Structures are given as C-alpha cells and as structure tokens.
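A short write-up of the structure that comes next.
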Amino acid sequence: MKKTLTIILVIILSLGTLFAQAVQETAVKETIEFTDSAGRTVEIPKDIDRVAPSGAVATMFLSAFAPEKMCTVSGKASSAQMKYLPAELDELPETGQLYGSKATLNLEELLSSRAELVIDIGDYKSTIKEDLDALQAQIGIPVIFIEADLPHMASAFRTLGKILSMEERGEALGAFVDETISMAAENKAKIKSDEVISVMYTSGTDGLGTNAKGSTQAQVLEIVGAENAIVVENISNKGGGNQINLESAMAADPDVILFADDSIADEVATLAGWKEMSAIKNKTYYTVPSLPYNWLANPPSMNMIIGVWWLGNLLYPEYYSYSMVEKIQEIYSLLWDFDLSDDEAKTMLKSAEFRK
C-alpha cells in the first residue's frame, strides 16, 4: 500500500512540475484571441514555434503543413510511409490521440514536449467544446479545433497559415483544395444520370467493412459523382465503417468495388458470392493506393485531395481527363515536398488496377 502511494505521489509531482514548466514557458509570450471552429475563444501565442497534434488527422495535416513546428506526433509512421514524409517526424515523441476507439493521449509526454499549442483537426463532434475545454484546463496549454473535412479543408489550411505565421503556405494549399473541389464540381455536372457509377468502398481485410453513403470516410465518392452502393440506417464514421454481410453486398451489386490494401482483393475472383458480383465479373474492382496514406480516407484528411483526382479519373476518364502521373507528382511535391519519379507514380497507379 505504501509503495503504491509513493508511486502515485511521484507521478503527481512529475505532472505538477511539467505543468509548471509549460505554464511558465507559454506565459512569457504575447497572446492573441483566436475563435476556433467549435466557437471557442482561446488565448494562443501570437508567435508559435512548437505545436502538438491531438491525434492522427492533426498529425497528417501538420506533417504536410509545418513539420518544422511539430514537437510531437500521435504515432510513428511506418518505414514505408516515412519514405515520403519529412525525416524529422521520425524523431518526435508519440503522444497518442484524444479521440477514437484507441484514445490514449499521453498527458505527461504532451507536457514534457513544451508544446505552445495543441491543435485538434478533423470533423466536428458533438462533445468537442467540452472535451477541448477539459483538456485545456487539465494541461494549461491552449487547445483549439480546426474543422477540416473536404468542404472546410481550404479554410483549414488558410487558418493554419494565419496562426502559424505561414500565410503563403496556407494560401498555396488552400488554393489547391479550391481548385480540386471546383474541378470535381464542374466534371460531376457533366455526368448524365444514366452514366452514374455505383461504388462499394470497403475497408478491412474481408471486404465487408464498408464506408456507407453519407459517412465521413466516403466523402470523395459523392464529390466526384459516384453513387455509394451501400446505404445503412446508422452510419458509422469510424475507420472500419459499417460491417455488412456478403448477402447485402451481393444485393447491392455495385458497378465498382474499392478494396483496402492487404485485403481479399487478390482472391475475390475465386470466392463464392464475390465472384458472382458484377464488379468482379467485369473486372472493375480496385485497390486504393495507400502511401503515405490511403488516398480516399482512413483517416479522412488532406489525403482525400489525391483521392478526388484519382477516383474521378478512374471512374469517369472522359470527364476527369488529365495525366494522373503528373497530377500525383504535383500533389506529392506540394504536400510533402517529395519528388515522385515517373516510375514511382506509375507503380502506385498500377497497384490500384483490378486483380487478374
């Protein structure tokens, strides 16, 4: 019992010390008022050098936007992902994430990082005001939320530009999002009703985790003009989507099926039920490219920008007519400052082809 009490006291004292250090370091800086996407007015430093993301989506955004200002990551990227990402990210401490089924935000690591600002980026949640107020009170560091689904993504980049004193970067990324959304709207308007393609967008290894119509994960389908073949009553916005059975998938019988990497895509042409589906018979099933992140979602972040260009061109090449090799080279350079070779780009696109 005494040993347990001693351990608890040590932890409390450690957190107290870290808290005091964080308050002392942020207190000396001039602050400004910032109203975030949840309507919360927060005092944040006028000049920010150290930013901590609240989770995976914020990590992805900040990794692309200002990796030099990051002092933590939510989790380590794989070696395959790190090929395309700024090298300094691999040296940063992990703090876990505030939201999700694996919510594991490490407050001690967060405080020891000397973060001046914690940023939550992503979709709006009903409890976000209370959650972020509670976290801010607990750690003594300003915490803000920036909404960044596709309709709000351009604004999110410009907002980051303002608060991080990187307006030029914010405008460059915001303008490209605007271009992407405008391009998709223009091409979607050209698609005739009898040309609309139904799509089943799967997640997980078995192909039966599905991103249903109206889900955050499936935003790109609607934007490019596809019809989501999976309609459910209670939509899940989680990475695994809504789990359905094979009979439901067969009944939906989509024109196209999109599989996740490391799924059953290589086998479906031989599997009972699957092989009877139109998309499998017609060889219109594909694997979504996934480096450095899944191009459509999982999680839904700025990777969806690539997804709009890729999926539009895949489904409706007569309307979304451009060189995908050149387009993904442009996007990788813009987002991650990575020079993708022609061969690398072609390999990524080839990996998405149907399984023969």
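Predicted model, so just to flag it, every value in this text is computed and none were measured.
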Flag the pair F61 / P53 as yes when at least one side-chain heavy-atom distance between them is below 4.5 Å, and no otherwise. no
If you draw a 6.0 Å radius around NZ in K162, do more than 12 non-hydrogen atoms from other residues or ligands fall strictly inside? no
Qualifying residue for side-chain contact (heavy atoms from CB on, under 4.5 Å) with I44, from D36, I144, T31, V143: I144
CG of D253 to CE of M277: how many Å apart, nearest 0.5 Å? 6.0 Å
Cationic N near anionic O, under 4.0 Å, D49 to R114: no
Short side-chain to backbone donor-acceptor contact, S248 and I244, under 3.5 Å: no
Student check: side-chain heavy atoms of E30 and D47 closer than 4.5 Å: no
With the side chain counted from C-beta on, respond yes when V220 and Y201 share a heavy-atom pair under 4.5 Å apart, and no when they do not. no
How long is the straight-line distance from OG1 of T287 back to CD1 of I257, given to the nearest 0.5 Å? 11.5 Å
Sub-3.5 Å donor-acceptor pair from the side chain of N228 to the main-chain atoms of N211, do we have one? yes
Transitively linked via ILVMFWY side-chain contacts under 4.5 Å: L334 with I328? yes
For F157 and F176, I'd like to know if the aromatic rings sit close, meaning centre-to-centre distance below 6.0 Å. no
Please report the closest heavy-atom contact between V177 and I305, naming both atoms and the distance. CG2-CD1, 3.6 Å
Heavy-atom pair of closest approach, residues V325 and A345: CG1-CB, 3.8 Å
Spacing of S301 atom OG and N294 atom CG [to the nearest 0.5 Å]: 11.5 Å
Start with the C-alpha distance between S63 and M70, add both sets of side-chain angles, then the distance that settles side-chain contact (heavy atoms from CB on, under 4.5 Å), and finish with yes or no. CA-CA 8 Å; S63 297; M70 295 176 69; 3.8 Å; yes
For the atom pair OG1 (T216) and OH (Y124), what is the distance rounded to the nearest 0.5 Å? 14.0 Å
Check the pair E171, R158 against salt bridge (Lys or Arg N to Asp or Glu O under 4.0 Å), reporting the backbone distance first and the verdict last. CA-CA 6 Å; E171 182 55 37; R158 292 185 173 104; 2.9 Å; yes
Let's go through K125 and D123 carefully: what are the C-alpha distance in whole Å and the side-chain angles of both, what is the deciding distance for salt bridge (Lys or Arg N to Asp or Glu O under 4.0 Å) to 0.1 Å, and is it a yes or a no? CA-CA 6 Å; K125 302 168 185 65; D123 57 309; 3.6 Å; yes
So if you build clusters from Ile, Leu, Val, Met, Phe, Trp, Tyr with side-chain heavy-atom gaps below 4.5 Å, do Y322 and I306 land together? yes
State plainly whether one hydrophobic cluster holds both I223 and V231, where clusters connect Ile, Leu, Val, Met, Phe, Trp and Tyr through side-chain heavy atoms under 4.5 angstrom apart. no
Starting from the C-alpha separation in whole Å, work towards a yes-or-no answer on side-chain hydrogen bond (donor to acceptor under 3.5 Å, both in side chains) for D255 and S198. CA-CA 5 Å; D255 301 317; S198 65; 3.1 Å; yes
Is K76 atom NZ crowded by more than 12 heavy atoms from other residues, nucleotides or ligands, each under 6.0 Å away? yes
Measure the shortest side-chain to side-chain distance between L246 and W274 over non-hydrogen atoms and say whether it is less than 4.5 angstrom. yes
Might you confirm whether atom CD of E168 has over 12 heavy atoms from other residues, nucleotides or ligands at distances under 6.0 Å? no
Run the numbers on Y286 and F259 for ring pair (Phe, Tyr, Trp, His ring centres under 6.0 Å), then give the verdict. CA-CA 6 Å; Y286 310 88; F259 287 100; 9.7 Å; no
Heavy-atom closest contact (S236 atom, N242 atom, distance): N-OD1, 2.9 Å
Any donor-acceptor pair under 3.5 Å from S182 side chain to E179 backbone: no
Main chain of R50, side chain of E116: is a donor-acceptor contact present, judged purely on distance under 3.5 Å? yes
Yes or no on side-chain hydrogen bond (donor to acceptor under 3.5 Å, both in side chains) for E195 and Y316, after CA distance, side-chain angles and deciding distance? CA-CA 9 Å; E195 296 176 323; Y316 305 108; over 6 Å; no
Rounded to the nearest 0.5 Å, what separation is found between the CG atom of L92 and the OG1 atom of T72? 7.0 Å
Under the side-chain contact (heavy atoms from CB on, under 4.5 Å) rule, what do R40 and D133 come out as? Steps first, then yes or no, please. CA-CA 9 Å; R40 300 165 58 253; D133 283 345; 2.8 Å; yes
Do the non-hydrogen side-chain atoms of I141 and L117 ever get within less than 4.5 Å of each other? no
Using the rule given for side-chain hydrogen bond (donor to acceptor under 3.5 Å, both in side chains), can you reason through Y99 versus D131, listing the C-alpha separation, both sets of side-chain angles and the distance that settles it, and then say yes or no? CA-CA 10 Å; Y99 287 107; D131 295 338; 2.6 Å; yes
Does E276 use its side chain to pair, donor to acceptor, with the backbone of G273 at less than 3.5 Å? yes
Do the side chain of S215 and the main chain of A212 share a donor and acceptor less than 3.5 angstrom apart? yes
Answer yes or no: does atom NZ of K213 have more than 12 heavy-atom neighbours from other residues, nucleotides or ligands under 6.0 Å? no
Go through T180 and W309 one step at a time and tell me if the side-chain hydrogen bond (donor to acceptor under 3.5 Å, both in side chains) criterion holds. CA-CA 7 Å; T180 300; W309 293 92; 2.9 Å; yes
Side-chain heavy atoms of V308 within contact of M183, under 4.5 Å: yes
Closest non-hydrogen contact found for T202 with G207 is CG2-O, 3.3 Å
Quick one: are M153 and E147 in side-chain contact, heavy atoms under 4.5 Å? no
Could you check T95, T104, T59 and say which one makes a side-chain hydrogen bond (donor to acceptor under 3.5 Å, both in side chains) with S74? T59
Which is it for E344 and K83 under the salt bridge (Lys or Arg N to Asp or Glu O under 4.0 Å) test, yes or no, and what are the steps along the way? CA-CA 12 Å; E344 287 173 319; K83 174 181 176 180; 3.1 Å; yes
Minimum heavy-atom distance G55-Q97, with the two atoms named: CA-CB, 3.6 Å
Look at the side chain of R169 and the backbone N and O of G161, then say whether any donor-acceptor pair between them is shorter than 3.5 Å. no
Please check this pair: side chain of Q81 against backbone of S78, looking for a donor-acceptor N/O pair closer than 3.5 Å. yes
Is atom CD of Q329 surrounded by more than 12 heavy atoms (other residues, nucleotides or ligands) closer than 6.0 Å? yes
Check: E318 main-chain N/O paired with S321 side-chain donor or acceptor under 3.5 Å: no
Within the 4.5 Å heavy-atom criterion, are N298 and L296 side-chain neighbours or not? no
If we ignore hydrogens and angles and just use 3.5 Å, is the side chain of T127 paired with the main-chain N or O of E130 as donor and acceptor? no
Exceeds 12 heavy-atom contacts within 6.0 angstrom, atom CG of D337: no
Separation between CG (L89) and CH2 (W336), nearest 0.5 Å, reads 12.0 Å
Taking all heavy atoms of E109 and all of P93, pick out the closest pair and write down the distance. OE2-CB, 3.6 Å
